[in-house]
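Below is one structure, written out as structure tokens; comments come after it.
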Amino acid sequence: LTTKVGLTRNLRNLKWFEDVDMDQFFPRSYDLADPDELYDYVDDFKMTAAENILKLFVRDGPQMKDCQGRDIGAGNYGTCVQLALLVLD
């Protein structure tokens with residue numbers, strides 16, 4: 001048996017032995033004790049959140065709601081979209 005971190009490390013090393021992309025069959029995972037991977041996790045989290053804000057904007061426009069179903073308001077949705085675009089830039 002192994003830990004999740006051990007499994008992740010082993011799968012990442014698989015590329016040296018086989019022509020396989022781990023991301024094609026294993027969910028994203030990070031070793032948060034490793035500063036580089038913690039940075040990657042935070043960056044991935046920001047990118048995913050920004051992408052979801054933009055998807056909501058495309059789908060709902062000014063009628064966007066927050067994660068609790070409350071209206072964001074006409075004055076605030078533009079700010080949310082601008083912040084999301086800055087993260088993705």
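Just so it is clear, the values below take in all heavy atoms, side chains as well, and ignore hydrogens, waters and symmetry mates.
With contacts defined as side-chain heavy-atom distances shorter than 4.5 Å, the pair T8/D31 does not qualify. L88 is listed as a side-chain neighbour of M47, based on a closest heavy-atom distance under 4.5 Å. Put simply, the side chain of V5 does not reach to within 4.5 Å of the side chain of D34, judged on heavy atoms.
When the salt bridge (charged side-chain N to carboxylate O under 4.0 Å, His left out) test is applied to D71, the partners found at least two apart in sequence or on another chain are K65. With sequence neighbours excluded, no residue forms a salt bridge (charged side-chain N to carboxylate O under 4.0 Å, His left out) with K15. For the ring-ring contact (aromatic ring centres under 6.0 Å, His included) test, residues two or more places apart in sequence or in another chain that qualify with Y41 are Y30.
For the pair N13 (side chain) and R9 (backbone), a donor-acceptor distance under 3.5 Å is present. When atom types are taken as modelled, the side chain of N10 and the backbone of G6 share a donor-acceptor pair closer than 3.5 angstrom. Under a 3.5 Å cut-off, the side chain of N52 and the backbone N or O of T48 do form a donor-acceptor pair.
Here the SG-CG distance, from C80 to L56, works out to 9.5 Å after rounding to the nearest 0.5 Å.
Closest non-hydrogen pair, D60 versus Q63, comes out as O-OE1, 3.0 Å.
Hydrophobic clustering places L7 together with L14 (ILVMFWY residues linked when any side-chain heavy atoms are closer than 4.5 Å, directly or through intermediates). I53 and L85 end up in the same hydrophobic cluster when Ile, Leu, Val, Met, Phe, Trp and Tyr side chains are linked at under 4.5 Å. Each of V42 and Y39 belongs to its own hydrophobic cluster when Ile, Leu, Val, Met, Phe, Trp and Tyr are linked at side-chain heavy-atom distances under 4.5 angstrom.
Salt-bridge formation is not detected for the pair R28/D23: no Lys NZ or Arg NE/NH1/NH2 atom is positioned less than 4.0 Å from an Asp or Glu carboxylate oxygen. A salt bridge does not link K46 to E51: none of the charged side-chain nitrogens sits closer than 4.0 Å to a carboxylate oxygen.
The number of heavy atoms from other shown groups lying within 6.0 Å of CZ (F26) is above 12.
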